[in-house]
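Lettering of chains follows the sequences in order, A, B, ..., and the numbering in each one begins at 1.
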2 protein chains.
Amino acid sequence: MTAGARRRPGVSMADVARVAGVSAQTVSRVSNGHPGVVEATRRQVLDAMQQLGYRPNSAARALKRGEFRTLGVILFTLATTGNSRTVEAIAGHAAREGYAITLIPVAVPTQDGVLGAFTRLGELAVDGVIVIMEVHLLDAADLTLPPGVQVVVVDSDAGERYPVVDTDQADGARQATEHLLGLGHPTVWHVTGPAESFASERRAHAWRSTLEAAGRPVPPVQRGDWSAESGYRAGLVLAGEPSCTAVFAANDQMALGVMRAFHERGRTIPGNVSVVGFDDLPDSGAFFPPLTTIHQDFAEVGRRCVDGLLRQLRHEPGHAGTELVPTRLVIRGSTAPPPG
Amino acid sequence: MTAGARRRPGVSMADVARVAGVSAQTVSRVSNGHPGVVEATRRQVLDAMQQLGYRPNSAARALKRGEFRTLGVILFTLATTGNSRTVEAIAGHAAREGYAITLIPVAVPTQDGVLGAFTRLGELAVDGVIVIMEVHLLDAADLTLPPGVQVVVVDSDAGERYPVVDTDQADGARQATEHLLGLGHPTVWHVTGPAESFASERRAHAWRSTLEAAGRPVPPVQRGDWSAESGYRAGLVLAGEPSCTAVFAANDQMALGVMRAFHERGRTIPGNVSVVGFDDLPDSGAFFPPLTTIHQDFAEVGRRCVDGLLRQLRHEPGHAGTELVPTRLVIRGSTAPPPG
DNA sequence: GGGCGTGATGTTAACGTAAACATGGCTTCC
DNA sequence: GGAAGCCATGTTTACGTTAACATCACGCCC
């Protein structure tokens, strides 16, 4: 370990300036890469910084500049693939733009929970906020945030009040359903996600309208909770329906459970039954059989969130309403024409 | 640059003080819940705050107090279950302790990449850092961090230089291997993770020593990269080995791929072959068949990281060396005695 | 009844940085 | 040769908050 660099007392610009034999302002200029510092001086300052182990004090810097170069991300959980992939994309893209990410987890998905997060957030050093709001708030019809905070919302229906970025859920569900109809299946059964999820609601709605538009019967919905286990339970029910030859599960995990149920009941996939998922998890291609699914572009969602928020912060003309990120059908081994 | 005229509404304590007819110091006292403010005054100040939409400036506060109440988390990716679950636990526990989390993604796992992150981090508002270091640095034998930064490391071998928290990889691998031997299998084949991963290395080592301690032959290792796809490829090889009746895959995803390969080759699980994974993903119980695996307690890992770091920040006697979080075997449907 | 604690509130200064302005030496050009 | 300009660097000040100290009114006790 370098000895001279004990940083307990906080090395400041003044200290560096003293050692380098220049003024604090010159240290500031070097520190920020401003022009107009002669090379020899620059080197002296850099040496002094090195020697003292100087690191700029970001609090003072933020105080002076009036910005933190940090974005807050409010979310309920990182446990879902969608959220963690989106957050990763947000963090990566923000870093590229010179912004850091502060995570603000909300324990309970209620208006109070979110407001509590904002209160803490008010005391946090953030310039703007991205809210990843994948479920309906339990105690409020819509989301109301404190004024004076720049916001972008992911995956919500707050589009009239805040800029929203979302995967095009409806089009994805339509593609999935039409793919199965196109293979010749008379209709498509659906395993839906939890009622409080926006994404789940939209996928189910689009599945239904696609069937109706094609003049097909709409079978009863099986409700799951995104987990593979719930998909398994739904699959056991569907395996008992002799007329069921095609299933659209609202996510890949439930599709995994559905397929397990069919395996256990001796129904082959895709020989007897076809299955389509939604998400395109990294492992979906290794399911048994490899899963046909709808690919979501989480990286693009994250990128657009950051861009939208930064545009707001710079007072550039931002997009209003909802921005939809397209999905695409990935055909693998779990779908085929119906038996017979 | 953009015209500096447009700043945030910028309500400061002075503004609140003016409206409430008190001094800024009294506003500060109310803001921080300090005693010695009479109720009537307190109310006046709170009203003024409400009216003006005052939010404390955390930069000024941090500058004055010398702390940010924020912890940085340096990581390479959120895409692995382990990392995202650990980060979620860290964020939750930190929030409970009144700390926020700043994410610092590192694009490339090299010494330079990490140092780059620290440079950015030096300019970030953090009091300490948790490094989630699941792979060997590509260009340095071990991790060297700038001095003067409080650090806790997850999942690494830096134990002699920094406090480390990690899952007890070796004991988990031992449990997995002994479970299979205990069922009567003559030996256990292993699908390992990427060479640069610490966890992978340790699991493989413990698997090997467990076999050796039991006097069993050590079959050649199949190397994967954590992905289900790589597990599938390894599984195809193993399915060609008639003597292979038991497989320990270094994570659940690869176990998923291994099982798919066996299914495709007509080897039943657990009738012909037993499979054990590592991680206990939320979906592992819904694999076909439900996977016997080693459960990792990511929440506990996160909690201990935060506790350890906060102890350091408070200059309390911290633990040195490596703290191991125990694992436990979860027996499901993918393991049984060998055929015959 | 005067000295004196006590408790509420105000005043001052400082945290580390960077914008704005000031200085002073050196070149350039007529 | 001297005014003008320019460049490198220095000085001043303010950002919003809070610790430390200062003040002031009131009541209490001998």
Side-chain angles (χ1 to χ4, degrees), chain A residues 7-46 48-49 52-69 122-127 148, chain B residues 1-46 48-49 52-69 122-127 148:
Chain A
R7 242 184 61 77
R8 293 280 276 107
V11 179
S12 77
M13 280 194 165
D15 302 317
V16 176
R18 201 169 313 115
V19 169
V22 300
S23 73
Q25 183 57 36
T26 299
V27 177
S28 170
R29 281 189 265 256
V30 171
S31 180
N32 293 333
H34 284 192
V37 178
V38 99
E39 186 52 29
T41 313
R42 215 180 105 74
R43 186 140 302 278
Q44 259 176 312
V45 171
L46 288 175
M49 284 178 171
L52 296 174
Y54 169 76
R55 282 174 32 220
N57 179 316
S58 50
R61 187 172 274 188
L63 174 60
K64 196 76 186 87
R65 298 208 279 223
E67 63 165 15
F68 304 101
R69 298 199 75 81
E123 308 182 354
L124 289 178
V126 291
D127 299 311
Chain B
M1 313 300 164
T2 38
R6 277 282 158 264
R7 272 249 190 104
R8 266 202 277 176
V11 180
S12 78
M13 279 194 166
D15 303 317
V16 176
R18 202 171 310 117
V19 169
V22 298
S23 74
Q25 183 56 36
T26 298
V27 177
S28 170
R29 282 191 263 256
V30 171
S31 182
N32 293 331
H34 284 192
V37 179
V38 100
E39 187 52 29
T41 314
R42 215 179 101 76
R43 186 140 301 278
Q44 259 178 312
V45 171
L46 288 174
M49 282 179 173
L52 296 174
Y54 170 75
R55 280 174 35 216
N57 179 317
S58 49
R61 186 171 276 186
L63 174 58
K64 200 75 186 81
R65 297 209 281 224
E67 65 165 14
F68 304 102
R69 299 200 74 81
E123 309 182 354
L124 288 178
V126 291
D127 300 311

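The shortest heavy-atom contact between A:Y54 and A:S12 is CE1-C, 3.8 Å. For A:V11 against A:L52, the heavy-atom pair with the smallest separation is CG2-O, 3.4 Å. Here the closest non-hydrogen pair linking A:A60 and B:L63 is CB-CD1, 3.8 Å. Considering all non-hydrogen atoms of both residues, A:A17 and A:A24 come closest at CB-N, 3.6 Å. In this structure, B:V45 and B:V22 approach most closely via the heavy-atom pair CG2-CG2, 3.9 Å. The minimum heavy-atom distance linking B:E67 with B:D127 is given by the pair CA-OD1, 3.4 Å.
Rounding to the nearest 0.5 Å gives a distance of 6.5 Å between CZ of B:R61 and CE of B:M13. With values rounded to the nearest 0.5 angstrom, B:L46 atom CG is found 10.5 Å from B:Q44 atom CD. To the nearest 0.5 Å, atom OG of residue B:S23 and atom CZ of residue B:R18 are 12.5 Å apart.
Under the side-chain hydrogen bond (donor to acceptor under 3.5 Å, both in side chains) criterion, B:R43 pairs with no residue, sequence neighbours left out. Take A:R29 and apply the side-chain hydrogen bond (donor to acceptor under 3.5 Å, both in side chains) test, not counting sequence neighbours, and it matches no residue.
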Quick one: which protein N/O atoms are closer than 3.5 Å to N/O atoms of nucleotides 22-24 of chain C? Pair and distance per line, please.
none

Short heteroatom pairs, N/O only, protein and nucleotides 17-20 of chain C, under 3.5 Å:
| from | atom 1 | to | atom 2 | distance (Å) |
| --- | --- | --- | --- | --- |
| C:dT17 | OP1 | A:Y54 | OH | 2.5 |
| C:dT17 | OP1 | A:N57 | N | 3.1 |
| C:dT17 | OP2 | A:M13 | N | 2.5 |
| C:dA18 | OP1 | A:N32 | ND2 | 3.1 |
| C:dA18 | OP1 | A:R61 | NE | 2.8 |
| C:dA18 | OP2 | A:S28 | OG | 3.0 |
| C:dA18 | OP2 | A:N32 | ND2 | 3.4 |
| C:dA18 | N7 | A:Q25 | OE1 | 3.4 |
| C:dA19 | N6 | A:Q25 | OE1 | 2.6 |

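The shortest distance between the side-chain N/O atoms of A:T26 and the OP1/OP2 oxygens of D:dA8 is not below 4.0 Å.
Rounded to whole Å, atom P of D:dT17 lies 17 Å from atom CD of B:E67. Nucleotide C:dT9 holds its P atom 20 Å from the CZ atom of B:R18, rounded to whole Å. Counting to the nearest Å, the P atom of D:dG16 and the CE atom of B:M49 are 15 Å from each other.
Residues A:R69 and A:S58 have side chains not in contact (no heavy-atom distance under 4.5 Å, counting atoms from C-beta outward). The closest side-chain heavy-atom distance from A:E39 to A:R42 is below 4.5 Å.
Within a heavy-atom distance below 4.0 Å of DNA chain D, no residue of residues 37-44 of chain B is found.
Taking five base pairs at each end of the helix from C:dG1-D:dC30 to C:dC30-D:dG1, the local helix axes there meet at an angle of 50°, rounded to 10°.
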